[in-house]
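Presented below is the structure to which this report refers.
Below, chain A is the first sequence line, B the second, and so on; all start at residue 1.
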Amino acid sequence: MAKNRTYGAETEPSPEGAIVTIPWVAWPRMAPITVKLPDGSPLELDDGATGADAAAAIGPRLAKDALAVRVNGEVRDLAAPLADGEEIDIVTPGRPDALDVLRHDTAHVLATAVLDLWPGTKVSIGPPIADGFYYDFEFPDGFRPSDSDLERIEEAMAAHVKADEPFERSEISAADAIERFKGEDQPYKVELIEDLVRDEGTETVSLYQNGPFVDLCRGPHGPSTGRIRAFKLNSVAGAYWRGDENRQMLTRIYGTAFFSKKDLEEHLERIEQAKARDHRRLGPQLGLFTLLPDAPGMPFWLPNGTVLLRLVENEVRRQLARGGYQEIKTPQVLDEDLWHRSGHWDNYAENMFFTQVEDRRFALKPMNCPGACLVFGSERHSYRDLPLRLAEFGLVSRNEREGVLHGLLRVRAFTQDDAHVYCTLDQVADEVDAICSAIDQLYSRFGFDEVRVELSTRPEKSIGTDEQWEQAEGALREALERQGRDYEVSPGEGTFYGPKIDFHITDALGRSWQCGTCQIDFQMPERFDLVYQGEDNADHRPVMIHRALLGSMERFIGILIEHHAGRFPTWLAPVQATILPVADRHNGYAAQVASRLRDAGVRCTVDERSESVGKKIHDAEVGKYPYMLVVGDREESEGAISVRSHAEGDGGAESIDAFAARIEREVSGS
RNA sequence: GCCGGCGUAGCUCAGUUGGCCAGAGCACUUCACUCGUAAUGAAGGGGUCCCCGGUUCGAAUCCGGGCGCCGGCUCCA
């Protein structure tokens with residue numbers, strides 16, 4: 001066990017400038033306390049000792065690196081006093097929470113620098129986020145900085161980092177804090193405190209000062225600005241105050257910080273690499289899709305991408321067959337009146353495309369459900385037909401606001417792998433159960449094993465009665481609980497016609513994407529007066545379930561491209577093998593090989609150009625084909641091919657049949 | 001829709017303070033080479049400098065409007 005250290009704050013300030021003003025420091029020792037270290041061992045300290053003392057007691061190295069202390073799971077300042085029996089963990093670079101503390105510190109330094117350069121700037125909030133931090137400002141006189149101002153701000157920040165200014169915490173009554181920030185003309189801070197007082201009954205708030213800058217802040221902070229070894233400002237963006245588009249737009253400055261220049265450089269390098277797998281770059285490059293200004297937000301599928309689209313559809317169709325679904329196709333353009341009946345006109349008109357033919361107004365369908373309802377209603381149904389499952393790969397068009405479009409991930413026209421199940425209330429749980437299972441199977445086929453489930457309940461803007469909503473939400477909960485699934489609840493995030501379950505996947509970069517959805521709808525069958533004839537010979541109203549497994553085919557493929565960085569597994573690759581003749585005289589043999597492989601179901605091309613083998617391999621690597629088949633004199637005389645893959649390089653000669661069998665194994669085995 | 005940035009050849013980008021026929025690499029075409037596991041060489045074609053209007057003797061360059069794209073915010077029933 002480490003020895004205790006007697007310590008007097010006034011005579012022995014920490015070399016890092018930590019705040020250690022504890023006038024009532026015990027000497028001689030009055031009542032020692034014992035805290036517990038992460039490995040379970042006890043550490044005896046003087047009463048009133050702080051996190052900094054604990055770090056010093058453990059070792060000088062730790063004392064030098066210490067940034068904060070985690071007490072019973074909560075991160076605090078090093079200067080905060082510890083109490084007997086607490087479990088503590090010193091936060092140092094590389095430990096959990098360390099970067100958040102550092103980045104929060106850096107955000108305060110950013111605000112300090114901004115106030116140096118533009119006095120009168122109003123500050124709001126500046127938290128750490130996943131890869132860095134931001135701070136939101138309102139600059140004086142309508143000025144707004146641009147990216148070119150970031151360098152100046154960085155220079156001003158560097159001066160404060162170099163000065164190694166301590167972060168000093170103080171507490172003040174909420175009323176005094178409001179007066180103070182009113183006096184400084186900081187209305188955003190005033191509003192924050194007023195809300196704390198009103199919503200949480202807060203009486204005192206904490207302030208942090210570094211250099212000349214004093215900020216309302218809960219903390220924790222590191223000991224001083226000198227700990228910031230490497231930082232960078234990334235971009236300027238607009239952001240609404242409190243995320244409300246009806247309120248003031250502030251100027252947000254994004255940045256990031258690390259404990260070393262090397263870490264920062266590695267971070268910037270990772271961003272570069274992420275750009276290399278951006279589906280918007282890979283799409284045109286690999287001949288998958290392109291986006292053209294003639295149809296903003298509406299992708300053009302190129303030949304390779306169309307193959308990919310069909311392959312993905314086939315997987316969905318396998319699930320349709322397994323689940324007893326029937327596939328339909330409904331019109332793209334429907335009478336405006338239909339959208340009044342469905343309720344979309346009232347709730348969604350601003351996002352719909354309209355067109356007029358003579359006197360009649362039509363709309364491009366933004367959803368497939370009204371079409372499916374028309375199909376259901378077009379004939380009489382018996383209770384024996386239920387559940388009736390109608391699936392459609394439906395192209396929907398939505399006039400998304402400018403500025404939200406993003407590659408394939410947010411488009412104006414996309415294909416839903418949609419289905420509508422008409423059933424009785426008792427059948428809902430079984431159906432939802434089956435849908436959940438189908439989603440699991442499908443996602444795992446594409447290599448996504450981590451599925452997060454979210455239940456969304458009634459939003460403010462909705463149609464239907466309280467009773468219907470309760471029944472619908474209850475049915476979804478029942479199905480999830482029967483499956484024994486973990487799920488989160490998002491209150492108020494349901495659709496206007498019913499509650500829903502959303503399914504999220506996590507990609508190779510750890511990002512989460514919402515894909516599948518399953519929504520219960522009591523409203524639509526009513527609006528379309530859908531009925532089935534029951535055992536009792538009377539008409540009854542069916543329940544409708546909307547469900548999509550992948551959601552948007554376009555979006556899912558965008559995610560797939562980034563997940564695989566364009567290098568698809570063999571079963572998904574639009575072109576599985578490219579045949580590379582060594583010289584022009586081998587083109588004939590290459591064509592024979594291609595023909596035999598195609599007969600065996602292998603998707604392949606021949607590179608007939610009069611280029612060197614090296615050049616053809618280079619281009620095939622860039623094209624990310626799973627296999628390259630080199631054919632020259634040797635292969636031709638033996639009736640063979642030389643197989644090269646990206647992962648394994650030159651794999652030597654193989655017979656055509658053996659290669660075809662290998663592909664077949666890979667396709668069925670994955 | 002809001003804030004900031006950007007728009008030059010198919011792609012990635014140069015283009016001084018407004019001034020000759022607007023450039024490079026890759027790609028493309030042609031010719032030569034006929035090549036054994038990541039780029040053979042040469043020649044050539046290709047631009048409404050996003051669009052419209054303005055300032056000017058003169059605009060890719062400056063100003064206004066529009067369209068599109070990028071990074072965010074909001075939104076995504």
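Comparing the C1' positions of B/rG71 and B/rU16 gives a spacing of 29 Å, expressed to the nearest Å. Between B/rU37 and B/rA42, the two P atoms lie 23 Å apart (nearest whole Å). For the P atoms, the distance linking B/rG58 with B/rG65 amounts to 23 Å, nearest Å. A gap of 33 Å separates the C1' atoms of B/rG47 and B/rC3, to the nearest Å. The gap from the C1' atom of B/rG25 to that of B/rG19 amounts to 28 Å, rounded to the nearest Å. To the nearest whole angstrom, the two C1' atoms, one in B/rC62 and one in B/rG18, are 8 Å apart. Look at the C1' atom in both B/rU17 and B/rA60: the space between them is 16 Å, to the nearest Å. Comparing B/rA39 with B/rA22, their C1' atoms sit 29 Å apart, to the nearest whole Å.
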### Task
I would like to know whether A/Tyr240 and A/Gln248 meet side-chain hydrogen bond (donor to acceptor under 3.5 Å, both in side chains); could you show each step before the answer?
CA-CA 6 Å; A/Tyr240 299 106; A/Gln248 176 74 32; over 6 Å; no

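At a threshold of 4.0 angstrom between heavy atoms, the contacts of A/Gly614 are confined to the sugar-phosphate backbone, with no base atom among them. Heavy atoms of A/Met628 sit nowhere under 4.0 angstrom from any nucleic acid atom. Heavy atoms of A/Ala237 sit under 4.0 angstrom from at least one base atom. Contacts of A/Asp633 with the nucleic acid, taken as non-hydrogen atoms under 4.0 Å apart, include base atoms. Residue-level contact check: A/His586 touches neither bases nor backbone, having no heavy atom under 4.0 Å from any strand. Among the heavy atoms of the strands lying under 4.0 Å from A/Glu611 is at least one base atom, whether or not backbone atoms are also near. Residue contacts for A/Pro366: at a heavy-atom cut-off of 4.0 Å it reaches a base atom on one of the strands shown. Within 4.0 Å of A/Gly343, counting heavy atoms only, lies no atom of the nucleic acid at all. Contact annotation for A/Arg644: base contact, defined as any heavy-atom pair under 4.0 Å involving a base atom. Looking at heavy-atom distances under 4.0 Å, A/Thr251 makes no contact with the nucleic acid at all. Looking at heavy-atom distances under 4.0 Å, A/Val582 makes contact with a base.
The base of B/rC76 is paired with the side chain of A/Arg410 by a donor and an acceptor separated by under 3.5 Å. Residue A/Glu635 places a side-chain atom within donor-acceptor reach of the base of B/rG36, judged by atom type and a 3.5 Å distance cut-off alone. On a pure distance criterion of 3.5 Å, no polar donor-acceptor pair joins the side chain of A/Tyr254 and the base of B/rG4.
Between A/Lys615 and A/Gly649, the one whose closest nucleotide on RNA chain B sits nearer the 5' end is A/Lys615. Comparing A/Val622 and A/Asn351 by the nucleotide of RNA chain B that holds the closest heavy atom to each, the one mapping nearer the 5' end is A/Val622.
Comparing atom distances between the A/Glu245 side chain and each of B/rC76, B/rG1, B/rU37 picks out B/rG1 as nearest. Taking only side-chain atoms of A/Ala583, from C-beta outward, the nucleotide of B/rG36, B/rG1, B/rU34 with the closest atom is B/rU34. Nearest nucleotide to the A/Leu405 side chain, out of B/rC69, B/rA38, B/rC35: B/rC69. Out of B/rU37, B/rG1, B/rA39, the shortest distance to the side chain of A/Arg401 is found at B/rG1. Among B/rA38, B/rC75, B/rU37, the nucleotide with an atom closest to any side-chain atom of A/Val404 is B/rC75. Nearest to the side chain of A/Arg252, among B/rC73, B/rA38, B/rG36, sits B/rC73.
Surrounding CD of A/Glu151 are at most 12 heavy atoms belonging to other residues, nucleotides or ligands under 6.0 Å away. The environment of A/Trp345 atom CH2 is sparse: at most 12 non-hydrogen atoms of other residues, nucleotides or ligands sit within 6.0 angstrom.
Following rounding to the nearest Å, A/Glu400 (CD) and B/rU74 (C1') show an atom-to-atom distance of 13 Å. Atom CG in A/Asp149 sits about 16 Å away from atom C1' in B/rG71, given to the nearest Å. Residue A/Asp294 contributes atom CG, which lies 14 Å from atom C1' of B/rC69 at whole-angstrom precision. Distance CZ (A/Arg634) to C1' (B/rC35): 13 Å, rounded to an integer number of Å. Rounded to a whole Å, the CZ atom of A/Arg555 is 14 Å from the P atom of B/rC76. Between A/Trp513 atom CH2 and B/rC76 atom P the separation is 18 Å, expressed in whole Å. Note: CG (A/Asp619) to C1' (B/rU40) measures 13 Å, nearest angstrom. One atom, CZ of A/Arg609, and another, P of B/rU40, lie 9 Å apart when rounded to the nearest Å.
Between A/His406 and B/rG71 there is a side-chain polar atom (N or O) within less than 4.0 angstrom of OP1 or OP2. Phosphate proximity of B/rC35 to A/Arg585: present, with a side-chain N or O under 4.0 Å from OP1 or OP2. A/Ser612 has a side-chain polar atom (N or O) that falls below the 4.0 Å cut-off from OP1 or OP2 of B/rU40. Distances shown here put a side-chain N or O of A/Arg280 below 4.0 Å from the OP1 or OP2 atom of B/rC70.
The partner of B/rC49 cannot be assigned: no Watson-Crick or G-U wobble pair with both contacts below 3.5 Å exists in any strand. The partner of B/rG23, taking Watson-Crick or G-U wobble pairs whose two distances both stay under 3.5 Å, is B/rC13. The pairing partner recorded for B/rA42 is B/rU30, the criterion being a Watson-Crick or G-U wobble arrangement whose two distances lie under 3.5 angstrom. Searching all strands for a Watson-Crick or G-U wobble partner of B/rC75 with both distances below 3.5 Å returns nothing.
For A/Phe137 and A/Tyr135, the ring centers are positioned less than 6.0 Å apart. Annotation: A/His646 is not in aromatic contact with A/Tyr625 [ring centroid separation under 6.0 Å not met]. A centroid separation of less than 6.0 Å is found between the aromatic rings of A/Phe258 and A/His267.
In this structure a side-chain-to-backbone donor-acceptor pair under 3.5 Å is missing from A/Glu635 to A/Ala640. Proximity of a side-chain donor or acceptor of A/Ser645 to a complementary backbone N or O of A/Glu648 within less than 3.5 Å is detected.
Taking the centre and axis of the six-membered ring of A/Phe133, the NZ or CZ atom of A/Arg103 falls outside the cone set by 45° and 6.0 Å.
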